[in-house]
There are 2 protein chains.
Amino acid sequence: MTSHAYLVDDDDAIRDSLCWLLESRGVPCRSYPSAEDFLAAWNSSLAGCVLLDIRMDGMSGPELFDLLGERGSTLPVIFLTGHGDVPMAVSALKKGAFDFVEKPCNDNELVNRVIEALTLDANQRVAASGADSINTLISRLTARERQVMERVLAGKLNKVIADELQISMRTVEVHRANLFEKMGVRTAVELAQLLAGKRS
Amino acid sequence: MTSHAYLVDDDDAIRDSLCWLLESRGVPCRSYPSAEDFLAAWNSSLAGCVLLDIRMDGMSGPELFDLLGERGSTLPVIFLTGHGDVPMAVSALKKGAFDFVEKPCNDNELVNRVIEALTLDANQRVAASGADSINTLISRLTARERQVMERVLAGKLNKVIADELQISMRTVEVHRANLFEKMGVRTAVELAQLLAGKRS
DNA sequence: CGCGGTATTGCGGATTTCCACAATATGCGC
DNA sequence: GCGCATATTGTGGAAATCCGCAATACCGCG
């Protein structure tokens with residue numbers, strides 16, 4: 001999924017001109033005439049950022065913003081508005097909007113913000129992919145292996161784990177070795193380091 | 001250091017009325033007639049939050065905000081302004097201000113924001129104290145113990161560590177046991193958990 | 001100079017982990 | 001039913017860790 005700027009505005013002229021501006025600066029751009037249109041097109045694998053008009057027919061910009069958040073979007077959102085007020089800007093930013101700019105605005109400024117947002121999103125994605133691949137690894141463990149892993153991470157001895165799980169020590173050793181193998185580590189400490197912070 | 005609201009505004013009447021409002025709601029408050037006054041009184045152990053007027057004689061609110069940031073303040077800052085515009089609010093929030101409210105504002109709203117900011121600050125402090133106490137623990141280790149700890153956290157076997165440090169395995173065992181004792185853990189895994197994330 | 005803290009090492013035994021080899025049982029899909 | 005993945009257990013030995021007891025050495029402080 002290439003990184004795009006997703007422009008949502010119900011004004012045809014603005015959509016066209018902004019889209020042209022961005023593409024002329026090397027930023028791939030797709031535009032949508034309504035919040036509903038973008039929401040329909042959105043899926044969690046979209047990468048890039050969103051340029052969102054505040055006031056639109058149908059669903060408003062902030063409403064779309066909230067909805068995207070609920071659906072797990074992490075796309076940076078830049079609000080665009082011709083008639084914004086301070087409380088609206090404050091509210092948007094406190095909810096995690098990337099920026100809030102008033103129309104008309106300086107072209108270079110806007111393109112810069114878009115590029116910043118694109119960069120942020122790219123960084124977020126590499127960071128997330130780390131956690132993701134770890135969760136993928138964990139997902140490949142069997143239930144037993146996960147139970148053993150939990151207890152290994154709690155610093156428990158095999159014999160204690162065996163006792164807690166009501167199985168023999170030998171079995172614990174087997175699960176332990178298997179899960180280390182699957183997680184690609186050689187020691188319990190490496191496992192702890194691997195999962196440091198991003199627990200699932 | 002008790003948690004306070006630090007009010008910085010050059011308008012006597014506003015200072016008095018806001019201070020009275022906050023104290024009447026149970027929020028201890030101290031006020032300063034200028035940014036310079038607060039800056040002089042500030043030190044890194046102050047706890048609470050800052051209520052900052054934008055436009056003041058001498059140093060402006062945003063200028064003070066930047067300076068505090070440079071000096072390592074983590075106090076949440078709520079900007080107060082009677083004539084703010086959107087770009088100003090956006091700029092403040094993107095720089096990390098806690099909130100940005102326009103005067104006149106609803107008393108309850110403001111008090112709520114202050115309490116939120118106070119809560120945030122308190123949470124930040126407990127989080128920081130955790131990292132701090134860990135660093136304190138580490139600082140009590142001897143040089144050798146730290147060297148051993150590094151390698152233990154790298155998942156190395158005692159024999160390897162002994163080899164790297166050119167000492168006997170027995171010595172490594174001793175250092176290892178001592179540092180576990182000092183760090184208050186019983187296993188290498190616990191140590192890794194303890195230092196998960198906040199490495200010094 | 002003696003005391004205390006740190007660093008160092010050895011011995012020997014208890015405990016634990018690691019692993020190869022080997023085997024049984026269950027459940028699931030073709 | 002057969003093959004495969006998973007779970008389970010055992011034997012036995014090599015390797016590593018854990019730990020008490022004991023000793024030597026260096027260094028800074030009073």
Side-chain angles (χ1 to χ4, degrees), chain A residues 131-200, chain B residues 131-200:
Chain A
D132 239 45
S133 62
I134 288 176
N135 286 334
T136 303
L137 285 180
I138 294 179
S139 74
R140 289 201 230 282
L141 297 180
T142 65
R144 251 340 191 199
E145 287 163 353
R146 263 191 289 275
Q147 292 173 353
V148 172
M149 184 175 76
E150 275 178 37
R151 290 165 174 78
V152 167
L153 288 177
K156 293 177 179 171
L157 294 180
N158 285 350
K159 69 155 56 168
V160 178
I161 299 175
D163 189 58
E164 287 186 9
L165 296 182
Q166 290 286 291
I167 55 183
S168 83
M169 237 183 71
R170 190 63 188 81
T171 309
V172 175
E173 290 178 43
V174 173
H175 287 320
R176 183 187 182 114
N178 288 340
L179 82 87
F180 277 18
E181 167 73 27
K182 289 184 183 176
M183 298 297 287
V185 298
R186 298 188 56 75
T187 70
V189 175
E190 283 181 31
L191 182 63
Q193 302 281 27
L194 184 64
L195 301 188
K198 50 272 192 173
R199 192 72 91 277
S200 85
Chain B
D132 240 43
S133 63
I134 288 176
N135 287 332
T136 303
L137 285 181
I138 293 179
S139 73
R140 288 201 231 280
L141 298 180
T142 66
R144 254 332 193 203
E145 287 162 354
R146 262 191 290 274
Q147 292 172 352
V148 172
M149 184 175 77
E150 275 179 36
R151 291 164 174 77
V152 167
L153 289 177
K156 293 177 180 170
L157 295 180
N158 285 351
K159 69 154 60 168
V160 177
I161 300 175
D163 189 57
E164 285 186 9
L165 297 182
Q166 290 286 292
I167 55 182
S168 84
M169 238 182 72
R170 189 63 186 82
T171 308
V172 175
E173 290 177 41
V174 173
H175 288 320
R176 184 188 182 110
N178 288 340
L179 82 87
F180 278 16
E181 167 72 28
K182 289 185 182 175
M183 298 296 289
V185 298
R186 297 187 56 75
T187 70
V189 175
E190 282 181 31
L191 181 64
Q193 302 281 26
L194 183 65
L195 301 187
K198 51 268 189 176
R199 192 74 91 278
S200 81

Establish, with yes or no, whether the OP1 or OP2 oxygen of [N] is under 4.0 angstrom from a side-chain nitrogen or oxygen of [X].
X         : N       : answer
Arg144(B) : dT8(C)  : yes
Lys159(B) : dA15(D) : no
Asn158(B) : dA16(D) : no
Thr142(B) : dA7(C)  : yes

Atom-pair distance ([atom1] on [X]; [atom2] on [N]), nearest Å:
X         : N       : atom1 : atom2 : result
Leu191(A) : dC18(C) : CG    : P     : 12 Å
Gln166(B) : dA7(C)  : CD    : P     : 17 Å
Ile161(A) : dT16(C) : CD1   : C1'   : 12 Å
Gln147(B) : dT6(C)  : CD    : P     : 15 Å
Ile167(B) : dG10(C) : CD1   : C1'   : 14 Å
Lys156(B) : dA16(D) : NZ    : C1'   : 17 Å
Glu145(A) : dA7(D)  : CD    : P     : 6 Å
Arg146(B) : dA7(C)  : CZ    : C1'   : 15 Å

Touch class at under 4.0 angstrom, heavy-atom based, for Arg170(B) against every strand present: base
Reported CG-to-CD1 distance for the pair Leu195(B) and Ile138(B), which is rounded to 0.5 angstrom: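 Here the interatomic distance stands at 5.0 Å.
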Between OG1 on residue Thr142(B) and CG on residue Asn178(B), distance to nearest 0.5 Å: 8.0 Å
Heavy-atom pair of closest approach, residues Arg144(B) and Ile167(B):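 Reported closest heavy-atom pair: NH2-CG2, 3.4 Å.
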Nearest heavy atoms of Leu191(A) and Met149(A), plus distance in Å: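 That closest heavy-atom pairing would be CD2-CG, 3.7 Å.
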The helix from dC1(C)-dG30(D) to dC30(C)-dG1(D): angle between end helix axes, five pairs per end, rounded to 10 degrees: 40°
Residue pairs involving residues 151-166 of chain A (criterion salt bridge (Lys or Arg N to Asp or Glu O under 4.0 Å); sequence neighbours excluded):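 Qualifying pairs: Arg151(A)-Glu164(A), Lys156(A)-Glu164(A).
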Upstream residue (5' side of DNA chain C) when Leu157(A) and Ser168(B) are each assigned their closest nucleotide: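 On the 5' side of the pair lies Ser168(B).
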Polar side-chain atom of Arg146(B) near backbone of Leu141(B) as donor-acceptor pair, under 3.5 Å: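 Here the side-chain-to-backbone pair exists.
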Flag, side chain of Glu173(B) to backbone of Asn158(B), donor-acceptor distance under 3.5 Å: no
Polar contact flag, side-chain donor to acceptor under 3.5 angstrom, Ser168(A)-Thr171(A):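 Yes, Thr171(A) and Ser168(A) have a side-chain donor paired with an acceptor closer than 3.5 Å.
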Candidates Arg140(A), Lys182(A), Met183(A) - the one meeting side-chain contact (heavy atoms from CB on, under 4.5 Å) with Glu145(A): Lys182(A)
Contacting residues from residues 171-184 of chain A, given that a heavy atom lies under 4.0 angstrom of DNA chain C: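 DNA chain C contact set from residues 171-184 of chain A: Glu173(A), Arg176(A).
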